Amino acid sequence: MFTLNKFLSASSRYKSLLLGSSRKTRVISGSALVLAVCAFGAAGVAPMAPDADDLPIKSITQELALPHLAEQIAALEAKPQNYISEERVRSGDTLATLLDRLGVDDNEAAAFIKSDPIARSVMQLKAGKRVQAQTDANGELNWLSSTVSGGRNEALTNIVITREGNRLKAAEMPVAMEKRIEMRSGTIRSSLFAATDAAQIPDNIASQIVDMFSTNIDFGSDLRRGDRFNVVYETFWQNGEYVHAGRVLAGEFMNGPATYQSVWFEEPGNTQSGGYYSFDGKSLKKAFLKSPLEFSRISSGFSLRKHPISGKWKAHKGVDFAAATGTAIRASGDGVIDFAGKQGGYGNVVVIKHWSKYSTAYAHMSRFAANMRKGTKVSQGQVIGYVGTTGWSTGPHLHYEFRVNNEARDPMSVDIPNAAPLTAAQMQRFRNVAGDMSHRFALLVPENSNTRLAAK
């Protein structure tokens with residue numbers, strides 16, 4: 001407890017300190033005392049901020065003049081009204097029925113669309129295509145727009161018809177499309193196309209799957225119930241609407257005990273040098289296709305047989321593929337036409353000379369493809385003729401021979417070399433692409449489901 005005696009004792013000590021034995025000591029002590037007094041005094045007189053709860057509250061009210069609803073309606077009615085409509089082309093549509101559903105009542109516009117070389121493309125739209133139009137209150141056309149395509153590999157364009165003053169004008173504009181990456185898988189129950197339909201895979205993607213694996217799988221005879229496949233491919237969209245499918249980027253096919261994989265690889269900026277490769281970088285383009293027909297069955301193999309016409313036993317130096325008359329026949333490899341014409345029991349036959357010692361023959365054709373004459377260059381997969389039953393034949397089929405030094409070999413068992421592999425520099429870029437596709441395939445291995453979908 002702070003007593004009086006203690007206070008007096010402390011005062012005595014501070015007094016002796018202030019009076020000190022020397023002038024220096026007294027000056028220092030006095031300065032310290034003055035600073036302390038100022039500090040405590042400032043703290044004592046500092047004002048405190050007012051409490052917010054004690055501040056006065058003042059309300060301000062102002063009336064705003066709102067426009068009358070009748071005035072707004074009158075203003076809108078005074079302006080010209082335009083209407084935008086969108087319709088999809090229906091099967092059997094004519095220009096008149098399409099314009100009628102769009103609310104277009106404009107004879108001048110109908111006549112313009114029929115006569116203008118650009119605008120008349122609107123009359124060639126396929127079912128399902130979207131068409132948009134803007135009209136005024138009387139049905140006069142202000143503008144009309146739709147997307148058209150000249151073909152599978154041609155770029156899409158927007159056809160836009162606009163009214164400029166008293167004239168109509170049509171113009172073509174490029175289409176800005178979004179590219180997506182789709183992944184799907186399926187299981188063979190009856191046929192490849194039935195499986196791709198069930199997996200909602202476009203038909204042109206299914207055809208590419210056939211082309212990718214046709215050197216290893218005969219899709220007419222090698223498929224088994226339960227075979228599985230995975231595929232990664234491009235799709236193109238415009239304004240959120242599907243337009244068309246692009247290229248297959250990677251594929252995997254489990255055919256019985258064998259698994260075949262391929263990935264598309266091309267040099268950056270050079271779309272003409274691309275090709276399909278296995279995941280170790282080896283080219284999958286073999287010198288010859290396993291079958292010159294996309295879908296068929298072998299009716300007679302490479303063996304000794306009893307000839308169906310002469311009845312004599314003799315070597316059958318080729319393979320017969322049964323198919324309907326008119327089925328397209330493809331060149332099994334790159335080469336030059338060595339013979340195209342009639343030749344005894346072969347009927348209409350084409351002989352292709354490949355590099356070095358290889359040649360192939362295609363017999364019993366119903367007719368030849370255009371420009372099939374001696375010296376014509378052909379590429380692998382090119383159509384050279386059509387299945388028939390000319391020559392010594394009892395029914396429509398293709399007799400196919402594979403020759404080495406003009407000696408017939410069994411095309412189903414002969415060892416065919418692949419194309420050149422990737423260089424060391426290309427392999428580094430290829431590994432990045434293959435790694436991404438390998439990861440996607442891993443996502444498409446469901447335990448209890450046959451189909452999965454993902455998009456990027």
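Positions are given from 1, in the same order as the sequence printed here. Since the structure is predicted, the reported quantities are computational estimates derived from the model, not experimental observations. Computed from heavy atoms alone, side chains included, the values below leave out hydrogens, waters and symmetry copies.
- Across all their heavy atoms, Val350 and Ala340 have their closest contact at CG2-CB, 4.2 Å.
- His354 and Ser359 share no side-chain donor-acceptor pair at under 3.5 Å.
- Between Glu234 and Lys179, at least one side-chain N (NZ, or NE/NH1/NH2) sits under 4.0 Å from a carboxylate O, which counts as a salt bridge.
- The closest side-chain heavy-atom distance from Ile113 to Ile161 is below 4.5 Å.
- For the pair Arg409 and Phe402, the cation does not sit on the ring face, since its NZ or CZ is not both under 6.0 Å from the ring centre and inside 45° of the axis.
- Between the CG atom of Asn204 and the CZ atom of Arg247 there is a distance of 11.5 Å, given to the nearest 0.5 Å.
- Note that CE of Met372 is 14.0 Å distant from CG of Asn348, once rounded to the nearest 0.5 Å.
- With a 4.5 Å cut-off on side-chain heavy atoms, Val319 and Leu398 do not count as touching.
- The two atoms that bring Leu99 and Ala110 nearest to each other are CD1-CB, 4.0 Å, heavy atoms only.
- No more than 12 heavy-atom neighbours from other residues, nucleotides or ligands sit within 6.0 angstrom of CG on Asn406.
- Here Asp280 does not pair with Arg431 in a salt bridge; the nearest charged N to carboxylate O distance is not below 4.0 Å.
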Quick one, Gln238 with Asn158, criterion side-chain contact (heavy atoms from CB on, under 4.5 Å). Give me CA distance, side-chain angles, the key distance, then yes/no. CA-CA 11 Å; Gln238 182 191 27; Asn158 275 334; 3.5 Å; yes
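- Side-chain contact check for Val104 versus Asp100: every heavy-atom pair is 4.5 Å or farther apart.
- The two residues Tyr233 and Arg184 come nearest to each other via the heavy atoms OH-NE, 3.2 Å.
- Taking the side chain as every heavy atom from C-beta outward, Ile337 and Val351 never approach each other to under 4.5 Å.
- Of the N and O atoms on the side chains of Asp334 and Ser379, not one donor lies less than 3.5 Å from an acceptor on the other residue.
- Between the CG atom in Leu95 and the OG1 atom in Thr97 there is a gap of 8.0 Å [rounded to 0.5 Å].
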In sequence, state the C-alpha distance, the side-chain angles, and the governing distance for Gln81 and Tyr83, and then conclude on side-chain contact (heavy atoms from CB on, under 4.5 Å). CA-CA 7 Å; Gln81 299 297 306; Tyr83 305 91; 3.6 Å; yes
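- Inspection of the Ser291 and Tyr400 side chains reveals no N or O donor paired with an N or O acceptor under 3.5 Å.
- By the 6.0 Å and 45° rule, Arg163 does not stack over the aromatic ring of Trp143.
- For Glu178 and Arg180, the salt-bridge test passes: some basic side-chain N is under 4.0 Å from an acidic carboxylate O.
- Ion pairing of Asp436 with Arg440 is present here, as a side-chain N (NZ or NE/NH1/NH2) and a carboxylate O approach within less than 4.0 Å.
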Evaluate Tyr362 against His399 for ring-ring contact (aromatic ring centres under 6.0 Å, His included), listing each step before the verdict. CA-CA 6 Å; Tyr362 313 78; His399 174 79; over 10 Å; no
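- Side-chain atoms of Thr259 and Glu252 include no donor-acceptor pair closer than 3.5 Å.
- Val131 pairs in a side-chain contact (heavy atoms from CB on, under 4.5 Å) with only one of the listed residues (Leu98, Thr147, Ile159), which is Leu98.
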Let me see the working for Phe441 and Met183 under side-chain contact (heavy atoms from CB on, under 4.5 Å), right down to the final yes or no. CA-CA 9 Å; Phe441 284 162; Met183 305 191 305; over 6 Å; no
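- Two residues are said to be in side-chain contact when any heavy atoms from C-beta on lie closer than 4.5 Å; Lys114 and Met123 meet this criterion.
- Arg88 places a side-chain N or O within donor-acceptor distance of the main-chain N or O of Gly128, the cut-off being under 3.5 Å.
- Two residues are said to be in side-chain contact when any heavy atoms from C-beta on lie closer than 4.5 Å; Tyr276 and Ser283 fail this criterion.
- Taking 4.5 Å as the limit, some side-chain heavy atom of Phe321 sits within range of a side-chain heavy atom of Asp218.
- For the pair Ala206 and Leu192, the tightest heavy-atom approach, listed with the atom from each and the gap, is O-CD2, 4.1 Å.
- Counting non-hydrogen atoms of neighbouring residues, nucleotides and ligands closer than 6.0 angstrom, the NZ atom of Lys353 exceeds 12 such neighbours.
- To the nearest 0.5 Å, atoms CD1 (Ile352) and CZ (Phe288) are separated by 9.5 Å.
- Looking at heavy atoms from C-beta onward, Met437 lies in side-chain contact with Val232 at the 4.5 angstrom threshold.
- Asn82 and Asn142 are linked by a side-chain donor-acceptor pair at a separation below 3.5 angstrom, with hydrogens and angles left out of the test.
- A donor-acceptor contact shorter than 3.5 Å links the side chain of Asp136 to the backbone of Asn138.
- Ion pairing between a basic and an acidic side chain is recognised when a charged N comes within 4.0 Å of a carboxylate O; Glu266 and Arg429 show no such pairing.
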Stepwise salt bridge (Lys or Arg N to Asp or Glu O under 4.0 Å) test for Arg101 and Asp93: CA-CA 10 Å; Arg101 291 204 310 277; Asp93 258 346; 2.8 Å; yes
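- Under the 30°/60° scheme for interplanar angles, the aromatic rings of Phe219 and Phe253 are found to stand perpendicular.
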In sequence, state the C-alpha distance, the side-chain angles, and the governing distance for Ser185 and Phe229, and then conclude on side-chain contact (heavy atoms from CB on, under 4.5 Å). CA-CA 6 Å; Ser185 65; Phe229 61 88; 5.8 Å; no
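- Between Trp237 and Tyr242, the ring planes are perpendicular. Angles over 60° get that label, and only those under 30° would be called parallel.
- Aromatic ring pairs are classed by plane angle as parallel below 30°, tilted from 30° to 60° and perpendicular above 60°; the pair Tyr346 and His364 is tilted.
- With hydrogens and angles disregarded, no donor-acceptor distance shorter than 3.5 Å links the side chain of Ser145 to the backbone of Gln132.
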